[in-house]
**Student:** 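Sending over a structure as structure tokens; questions will come in a sec.
Along the sequence shown, residues carry numbers from 1.
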Amino acid sequence: MSSKLVKKLLNQTNTQLESNDDTKSKSRKDAGSRSRTTVTHNITKEEAIQGHIQSILRLDSLVQEHTSTTAQKSFTRRSSDLKLQAKKQRRLKKSGGGASNSRSSSSSFSKQRQQPTFNKDREKRKKDEEYYSDIARALKKAKKRSKK
């Protein structure tokens, strides 16, 4: 389990315990008229946190035991994609890229390499080459099969 997740859970339990303490102090005022026959076991914050962490760790181990390898691979692939996306966003923020209408942005565009414009003739030749290379590959395979 990641340390960030553990810290987040610890913070949640702390806030829950503090909110429980607040509600207990309010309920004590109301409970003055009630009889106190119920016996409660006092638990310290550290014990509550440790118990919460242990239950989370047990849940994590059970999930890992019962998830398939494809699900784990999918999760790791998705998380790595998200990390790459965040990395790209950070890089864009750091480089100051983006759409703006300032003098610096126009100079950054002038530093980029010139991209070729669309050319119908070039595209037609490229498609023809792909078509003929596909035909050549198919004929080569057919020739190999006929020799066997």
**Student:** Return the set of residues passing side-chain hydrogen bond (donor to acceptor under 3.5 Å, both in side chains) with T70 (not counting sequence neighbours), or none when no residue passes.
**Tutor:** S68
**Student:** Donor-acceptor pairs under 3.5 Å, side chain of residues 48-58 to any protein atom, not counting sequence neighbours: which ones?
**Tutor:**
residue : atom : partner : partner atom : Å
S55     : OG   : G51     : O            : 3.4
S55     : OG   : H52     : O            : 2.7

**Student:** In Å, rounded to the nearest 0.5 Å, how long is the span from CZ of R91 to CG of L84?
**Tutor:**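 R91 CZ to L84 CG: 9.0 Å, rounded to 0.5 Å.
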**Student:** Who else is in Y131's hydrophobic cluster (ILVMFWY, side-chain heavy atoms under 4.5 Å, direct or via others)?
**Tutor:** Y132, I135, L139
**Student:** Which donor-acceptor pairs under 3.5 Å do side chains of residues 118-129 form with protein atoms, sequence neighbours excluded?
**Tutor:**
residue : atom : partner : partner atom : Å
N119    : OD1  : D121    : N            : 3.2

**Student:** Go through the structure and list residues passing side chain to side chain contact (heavy atoms under 4.5 Å, CB included) with L82, not counting sequence neighbours.
**Tutor:**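 In terms of side chain to side chain contact (heavy atoms under 4.5 Å, CB included), with neighbours along the sequence ignored, L82 is linked to R78, Q85.
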**Student:** With R137, which residues qualify under side-chain hydrogen bond (donor to acceptor under 3.5 Å, both in side chains), at least two apart?
**Tutor:** D134
